[in-house]
Structure formats: structure tokens, C-alpha cells
Amino acid sequence: MSNDCLFCKIAQGLLSTEFLVETDQLVAFRDLNPVAPTHILVIPKKHIASLADLELEDRALMGEMMVAIRRLAEQLGLDEGFRVVVNTGPAAGQSVHHLHFHLLGGRSLQWPPG
Ligand code: AMP
């Protein structure tokens with residue numbers, strides 16, 4: 001855990017955030033400022049600053065995260081489709097420096113993104 005990291009605090013349950021999923025490796029919770037009817041963040045409990053900091057040793061963790069996202073999409077009824085976004089670095093608008101996957105759905109999503 002990184003002491004000054006918001007998502008580490010959330011993952012440790014220090015901010016009373018309601019979790020849709022919690023395992024020993026990850027948590028999922030609703031985004032504070034949703035940009036789609038369904039907007040969930042899935043984060044590892046381990047502090048990894050961004051996708052650019054990912055190591056091969058994290059591969060099992062990443063697999064678990066992808067399966068958690070697939071299950072969430074199923075449970076939330078995103079049968080028409082959904083999008084998974086990982087903003088990485090300043091040019092992509094990453095604002096929280098703890099790896100997180102945005103799960104977006106519930107409306108038609110445009111491509112390319114802005
Ligand atoms: P990004 O801009 O890709 O780094 O995404 C960070 C996301 O975290 C944004 O969509 C924010 O709305 C969301 N966010 C920031 N603080 C919180 C919080 N306390 N609880 C839930 N979501 C948050």
C-alpha cells in the first residue's frame with residue numbers, strides 16, 4: 001500500500017466505499033463521476049501506479065481482473081456490449097495513479113474516443 005494513494009485507501013476499506021466485488025486481490029466499486037449508466041472501477045489491492053508499471057509477475061493478477069470484469073458485465077446485464085478503458089499517463093488523462101480498469105456500459109459508446 002502507498003500511504004498517499006486514494007485507491008489504496010479505498011482498497012483497504014478505509015473510505016467506506018461500497019464494493020460490488022471484493023477478493024483478496026482486487027475490489028470493484030462505482031465511479032464517483034459516472035460517464036455511462038454503468039461505470040465501475042476495478043482495481044488491484046496491490047499498488048501498481050499504471051499499466052506502464054506492470055511486470056510479468058502481475059500476470060495472474062491481471063487474469064483475475066479480466067475475469068472479474070467479464071463476470072461483472074454479465075451480472076450487470078451488459079448483454080449489448082461494454083467497454084474496458086485503462087487511461088495510462090498524462091496524455092491519456094490518467095488522474096489517479098493506481099492502476100484501474102473502467103468498465104463502461106449501458107449506452108452506445110462512440111469510436112474513436114476523444
Ligand atoms: P482516470 O482519470 O482514468 O485516472 O480515472 C479515475 C477515476 O476515478 C475517475 O473516473 C474518477 O471519477 C474516479 N474517482 C476518483 N475518486 C473516486 C472515489 N473516491 N470513488 C470512486 N471513484 C473515484
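Whatever order the structure lists ligands and atoms in, that order sets their numbers, starting from 1.
Residues meeting the ring pair (Phe, Tyr, Trp, His ring centres under 6.0 Å) test with Phe29, sequence neighbours left out: Phe7. Taking the ring pair (Phe, Tyr, Trp, His ring centres under 6.0 Å) definition, one finds that His102 meets it with His39, His100, sequence neighbours left out.
Checked options Asp58, Leu99, Ile48; the residue passing with Asp53 is Ile48 (criterion: side-chain contact (heavy atoms from CB on, under 4.5 Å)).
Closer than 4.0 angstrom to ligand 1 sit non-hydrogen atoms from Leu6, Phe7, Ile10, Phe29, Arg30, Asp31, Leu32, Asn33, Leu41, Asn87, Gly93, Gln94, Ser95, Val96, His100, His102.
Applying the salt bridge (Lys or Arg N to Asp or Glu O under 4.0 Å) rule to pairs touching residues 17-31 yields Glu22-Lys45, sequence neighbours excluded.
A salt bridge does not link Glu80 to Arg107: none of the charged nitrogens lies less than 4.0 Å from a carboxylate oxygen.
When all heavy atoms of Ala28 and Leu72 are compared, the closest pair comes out as CB-CD1, 3.7 Å.
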